[in-house]
Amino acid sequence: MKSESFRKQALSLVLFFAAVAAVFALTRLRSDPAKKQAEFVVQQLLSCSSAVEQAVDAAASSGSEPGLAAADTDGLYAFLQAQLGDAMTADCLDKVMANRLPTRITALAGQSGDKLVPADLTLKKRAGAENCYDFSAALLTATDSTAAAQVSGTITMVKEDGRWKASAITLNL
């Protein structure tokens with residue numbers, strides 16, 4: 001009698017742990033670590049206007065594109081590397097700098113007269129492209145949440161050294 005009760009308890013315990021393992025496995029399958037990291041990178045990039053202001057010389061105009069200021073690129077690169085170096089490949093960071101994405105966002109902040117914060121960020125996996133996500137967000141002024149711009153783009157993620165990193169980013173302002 002006692003051994004039968006023990007068997008029932010043992011079987012119940014085994015079934016319980018099997019159910020917990022199944023729930024854990026399904027949760028892991030549903031979660032998309034590449035998407036979570038992509039969301040982090042986009043959020044940080046779109047939030048960088050106030051920090052980039054420190055690296056931008058507001059007095060000098062670059063002349064290359066209206067609304068953009070000449071920047072201390074070494075300081076800006078060091079800042080971005082500190083903020084996003086673990087979340088972007090070196091090539092991606094170089095392309096972000098070459099395409100002047102941070103200074104373009106800062107120029108929008110300058111036009112609005114306030115720091116910008118991203119809102120309503122959405123990422124959707126691009127059909128037929130592995131670990132590529134289309135994103136869109138509104139950039140709102142920090143003071144009164146007035147819409148300053150709508151942004152969209154794509155971010156492609158790769159696994160490098162066991163971590164998900166952005167390998168390419170496009171931004172449409």
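Throughout, residue positions are numbered sequentially from 1 according to the sequence presented.
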Would you say [X] and [Y] make side-chain contact, with heavy atoms under 4.5 Å?
| X | Y | value |
| --- | --- | --- |
| Lys165 | Met88 | no |
| Asn172 | Val151 | no |
| Leu93 | Gln81 | yes |
| Tyr133 | Lys124 | no |
| Val117 | Leu139 | no |
| Met157 | Ser167 | no |
| Thr146 | Ser112 | no |
| Asp134 | Ser152 | no |

For [X] versus [Y], what's the shortest heavy-atom pair and its separation?
| X | Y | value |
| --- | --- | --- |
| Gln43 | Leu121 | OE1-CD2, 3.4 Å |
| Val41 | Ala166 | CG1-CB, 4.2 Å |
| Leu80 | Met97 | CD1-SD, 3.5 Å |
| Lys125 | Asn131 | NZ-N, 3.6 Å |

Counting only N and O atoms by type, is there a donor-acceptor contact under 3.5 Å from the side chain of [X] to the main-chain atoms of [Y]?
| X | Y | result |
| --- | --- | --- |
| Asp32 | Ala34 | yes |
| Thr156 | Cys132 | no |
| Asp114 | Ala142 | yes |
| Lys35 | Leu123 | yes |

(request) Can you establish whether the number of heavy atoms outside Asp144 located under 6.0 Å from its atom CG is more than 12? (result)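 Buried by this count: over 12 neighbours within 6.0 Å.
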(message) Nearest 0.5 Å, please: how far is CG in Leu46 from CG in Leu171?
(response)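 If I round to the nearest 0.5 Å, the distance is 6.5 Å.
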(message) Within this structure, what is the CD-CG distance for the pair Glu160 and Asp86, rounded to the nearest 0.5 Å?
(response) 10.5 Å
(request) List the steps, then state whether side chain to side chain contact (heavy atoms under 4.5 Å, CB included) holds for Phe40 with Leu45. (result) CA-CA 9 Å; Phe40 169 78; Leu45 188 61; over 6 Å; no
(message) Checking Leu116 against Leu140 for the side chain to side chain contact (heavy atoms under 4.5 Å, CB included) test, could you report, in this order, the C-alpha distance in whole Å, the side-chain angles of both residues, the deciding distance, and whether it holds?
(response) CA-CA 5 Å; Leu116 300 178; Leu140 307 178; over 6 Å; no
(request) Group every Ile, Leu, Val, Met, Phe, Trp and Tyr by side-chain heavy-atom contacts under 4.5 Å, then state whether Val158 and Phe135 land in the same group. (result) no
(request) Give a yes-or-no answer on whether the side chains of Thr170 and Thr154 include a donor-acceptor pair shorter than 3.5 Å. (result)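 Note: Thr170 and Thr154 side chains meet the donor-acceptor criterion.
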(message) Just by distance, no angles: are the side chains of Thr122 and Ser136 close enough, under 3.5 Å, to form a donor-acceptor pair?
(response) yes
